[in-house]
Trainee: 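Sharing a structure, written as structure tokens. Questions coming.
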Amino acid sequence: MKNIDSVHHVRGESIFIDDVKVPENTLSAYVFYSPIASGKILKLDFSEALKSKGVKGIFSAKDIPGENQIGGIIQDENLFAEEEVHFVGHPIAIVVAEKYLQAKEASKKIHVEFEKHKPILSPREAAEKKSFIIPPRIFQLGNTENAWKECDYVFEGKVESGGQEHIYLETQGAVAIPIENELLKIYSATQSPTAVQRTIARILAISMNKVEVNVHRLGGGFGGKEDQATAWACMAALAAYKLKTPVKLILNRQDDIRITGKRHPYSSDYKIGLTKEGKILAYEVTFYQNAGAAADLSPAILDRTLFHCTNSYFIPNVKATGLSCKTNLIPFTAFRGFGGPQGMFVIESAIHHAANEMNIPVSEIQKKNLLKENDEFSYGQKAVNSFAIKSFKLCEEKFELKKLQDEVEFFNSKNFLVKKGLAIIPITFGISFTTTFLNQASALIHIYTDGSINVSTAAVEMGQGVNAKLKRIAAKTLSVDENRINVDSTNTSRVANTSPTAASKGTDLNGFAVIDACNILLERLKKVAAEELGEDDWTNITFKNEKVFDEDEPTTLTFTEIVRKAYIKRISLTAQAFHSTPNIYFDPKINKGNPFAYHVYGTAIIQVTLDCLRGTYETDFVKVVHDFGESFHNQIDIGQVEGGIVQGIGWMSSEELIWNNEGKLLTDALSTYKVPDIHAIPKEITIVPLPYDKEKLMNDEFKDKIGPLNSKAIGEPPFMYGIGFYFALFNAIKSFNPKINFIYNSPLTPEKVLMMLYEN
Ligand code: MTE
Ligand code: HPA
Ligand code: MOS
């Protein structure tokens, strides 16, 4: 894959937070955090620590000139703990010293005494104690109460899904540099530069125009830096502001795992009712979301769980209840899929359960219930241009599902200690921030007099390739060579009021803004060209491959010449454009609306091989039919599908977060928290794009209704193919041990699998 950053990454030349050139007097900060999950701070004494070598200051809640508040959706989270601590890792203070290790050493000399309280760790326990972040959320379609009577079968069960640590390669961090007076320049590894700017202003009681936030790129975000990059930038800013000296704060890996949020663990109850033919008539589900100790993005994530609780299926009667349960764990946060995967895992479990009890193939139930054109989701939106059926059918045919299944059956009949398992899984994912107002972006484009072009947008590059895509969009729109274009860092002084780069919307929102800004510039340049050519009607002018055409006839003029002429004629070579997604709305009072610009569809087949002596497994292959729209950057899109699948499989397989009874995370290092490595990735990933009818694509049915250049968002949807891994592996286990129950409890670590193999 050729990302525009590849060369510099490989040479170690790309700028991450730790590479930002800082002044020589820059200080280092270390976060001092709570070692207990719940309690009252009785005594907090910095005197010994302050005497420690190199220490320049220690800052806690009482040093904050503004509000000690970083809550985004709900104002329920302090930057530093005040009287109480609510989770292990709750920041209490930062120690600032000349060197990082001095700050870390000094933090050990902070004297703190607690009155310990018993922590709440599980969401069901929180629910029993009525410890909620927000009131229950209920999405409803039809009437499940009436529908149960019509069902030939009704099954109930429980599903657990574990959390997930982001393991972005670059840990969280920021550098804060005081410029003059109150002005601060912040380098932050954030998906949301504006949230950092706004929150720093709030903490310091200064206005937002005093804070410039700059983001070159992130070494991965995956949602972990949508909301939770803010705190570290605020801390660095506070110290820099107080000491009038630059301050760098970067979490080490272990602290990052311990004290930053992760994917929410969920515990859920389902009840599914079907006819004997396998048509699902009713579905009730209750999600107990483990939100952790503060809201963070939990309410929005819970909503996405509800939006996606029926995955790719039309179910006429649905009641989905979401409970955001407040516990004494780290506030959980955004992670690729944003609650969607948790919702989809439950419906897929319910279907798997039903199929096994009814003794029919899972795929038969899946197929009977796939979304057809104009079917209604529980939130009121209709499925338009639904490719649920098309992608499933194509996947089934193209990859010969029946044959694959027969081969697995044959293999399993011949082998005792090695079993194979297969699963097929459709996905449907809604594209737009479900918080409607966030669906906005802008672009600022300068053309310089040498014909080079600088593009700034609200998009943050985090490895997903948004810069390469924006570059291509600008180049295509202006019909110039990509080499002319520099996609600049994301900077709040150049592009203001940015939404986070999230919800897979980075390219869509910013790409459309780039197209609009390019078109403004093109119109100006065409007018200049028309004047040069003595042509009255500028609309006859076109640019093609850096050349000027008049009524489709080539002229001798070039792009660069017209740019120079425009400058001499005092025509602005700068344009700004704003884009907001049209026709989306959602009423959170009735939970109905049209929240998504469109949906992304796809279907995957996953096969695993299980070693029944050891409980270990391998993924043989993942074969996917994916809905890219029209991909205009195939290599990046393929990379996103592959990466998403591997990350999804990791969530379902080896990535297990274990807390002890005191709420302390035990799996707080890469030695105990196992992310997929080169051996764990599927032996083969085959990706087939869902074919589009080209003519249909160009006409009104699609034009401008999906993403720029008729592409579709790619960042998150493929993650959910990984859910199929659970069922593939479960099927392999079941073929060895037919007596196991329908336990839907991810991740399926080798330890757990081994127990299931020999359970009776
Ligand atoms: N890919 C890489 N390499 N690194 C990342 O951090 N984040 C994912 C996805 N793919 C991520 C990634 C998440 S959670 C989202 S929402 C999207 O990228 C965000 O980028 P986009 O909107 O430009 O697709
Ligand atoms: N995805 C990601 N981030 C968000 C969303 C969403 O749907 N809504 C609010 N923040
Ligand atoms: Mo992605 S979880 O929306 O940052």
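Whatever order the structure lists them in is the order used to number ligands and atoms, beginning at 1. Along the sequence shown, residues are numbered consecutively beginning with 1. Here the structure is a predicted model, which means the values were calculated and not measured.
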Trainee: Checking a contact table here: which protein heavy atom is nearest atom 10 (N) of ligand 2, and how many Å away?
Mentor: E226 OE2, 3.3 Å
Trainee: Among all the protein's non-hydrogen atoms, which is closest to atom 15 (C) of ligand 1, and how far away is it?
Mentor: E716 CG, 4.0 Å
Trainee: Is there a nitrogen or oxygen of Q464 sitting under 3.5 Å from a nitrogen or oxygen of ligand 1?
Mentor: yes
Trainee: By number and element, which atoms of ligand 2 are closer than 4.0 Å to a non-hydrogen atom of T434?
Mentor: 7 (O), 8 (N)
Trainee: Can you report which non-hydrogen protein atom sits closest to atom 8 (C) of ligand 1, along with the distance?
Mentor: R336 NE, 3.9 Å
Trainee: Near L438, which atoms of ligand 2 are under 4.0 Å from a heavy atom of that residue?
Mentor: 9 (C), 10 (N)
Trainee: Cation-pi between K262 and F335: NZ/CZ under 6.0 Å from ring centre and within 45° of the ring axis?
Mentor: no
Trainee: Are side-chain N/O atoms of T501 and Q191 paired as donor and acceptor at under 3.5 Å?
Mentor: no
Trainee: Quick one: which ligand 1 atoms are inside 4.0 Å of a heavy atom on G220?
Mentor: 6 (O)
Trainee: Tell me the nearest of K225, M462, Q640, K469 to atom 12 (C) of ligand 1, using heavy-atom distances.
Mentor: Q640
Trainee: Quick one about T327 and N290 (side-chain donor to acceptor, distance below 3.5 Å, no hydrogens or angles considered), yes or no?
Mentor: yes
Trainee: How far is atom 22 (O) of ligand 1 from the closest protein heavy atom, and which atom is that?
Mentor: G506 N, 2.6 Å
Trainee: Could you check which of F719, F433, Y168, F222 puts a non-hydrogen atom nearest to atom 5 (C) of ligand 1?
Mentor: F222
Trainee: Just by distance, with hydrogens left out, do Y692 and D627 show a side-chain donor and acceptor under 3.5 Å apart?
Mentor: yes
Trainee: Using a 4.0 Å cutoff against the non-hydrogen atoms of A502, which atoms of ligand 1 qualify?
Mentor: 16 (S)
Trainee: Do you see a donor-acceptor pair shorter than 3.5 Å between the side chains of Q172 and D256?
Mentor: no
Trainee: Heavy-atom contacts with G221 under 4.0 Å: which atoms of ligand 1 show up? List them by number with element.
Mentor: 5 (C), 6 (O)
Trainee: If you apply the rule salt bridge (Lys or Arg N to Asp or Glu O under 4.0 Å), what do you find for D637 with K712, and how did you get there?
Mentor: CA-CA 10 Å; D637 287 349; K712 279 193 173 185; over 6 Å; no
Trainee: Check each of F387, Y601, Y721 against H626 using the ring-ring contact (aromatic ring centres under 6.0 Å, His included) test, and report the only one that passes.
Mentor: Y721
Trainee: Mind checking whether A503 has an N or O less than 3.5 Å away from an N or O of ligand 1?
Mentor: no
Trainee: Angle between ring planes, F596 versus Y379, binned at 30° and 60°: parallel, tilted or perpendicular?
Mentor: perpendicular
Trainee: Tell me which protein heavy atom sits closest to atom 17 (C) of ligand 1, plus the residue, atom name and distance to 0.1 Å.
Mentor: G715 CA, 4.0 Å
Trainee: What is the ring orientation for Y726 with F345, classed by angle as parallel under 30°, tilted 30 to 60°, or perpendicular over 60°?
Mentor: perpendicular
Trainee: How far is atom 8 (N) of ligand 2 from its nearest protein heavy atom, and which residue and atom is that?
Mentor: T435 OG1, 3.5 Å
Trainee: Which of these, E716, R304, Q191, has its nearest heavy atom closest to atom 7 (O) of ligand 2?
Mentor: R304
Trainee: Pairs under 3.5 angstrom, nitrogen or oxygen on both sides, ligand 3 versus protein: list them out, please.
Mentor:
residue  : atom  : partner : partner atom : Å
ligand 3 : 3 (O) : A503    : N            : 2.6
ligand 3 : 3 (O) : E716    : OE2          : 3.3
ligand 3 : 4 (O) : Q191    : NE2          : 2.9
ligand 3 : 4 (O) : G223    : N            : 3.4

Trainee: Which word best sums up how the rings of F377 and H599 line up, parallel for under 30°, tilted for 30 to 60°, or perpendicular for over 60°?
Mentor: parallel
Trainee: Return the orientation label for the H264 and Y266 ring planes: parallel under 30°, perpendicular over 60°, tilted otherwise.
Mentor: perpendicular
Trainee: Using only atom types and a distance under 3.5 Å, with no angle test, would you say the side chain of D76 pairs donor to acceptor with the backbone of A294?
Mentor: no
Trainee: With side-chain contact (heavy atoms from CB on, under 4.5 Å) as the test, pick out the partner of Q342 among S268, P265, S161.
Mentor: S161
Trainee: Can you find an N or O of K505 that's nearer than 3.5 Å to an N or O of ligand 1?
Mentor: yes
Trainee: What residue and atom, counting heavy atoms only, is the protein's closest point to atom 5 (C) of ligand 2, and at what distance?
Mentor: F338 CE2, 3.3 Å
Trainee: Please report the shortest heavy-atom distance between P676 and V646, naming the atom on each side.
Mentor: CG-O, 3.6 Å
Trainee: Measure from NZ or CZ of R263 to the centre of the six-membered ring of F332 and say whether it is under 6.0 Å with the direction within 45° of the ring axis.
Mentor: no
Trainee: Purely on distance, is any nitrogen or oxygen of G223 under 3.5 Å from one on ligand 1?
Mentor: no
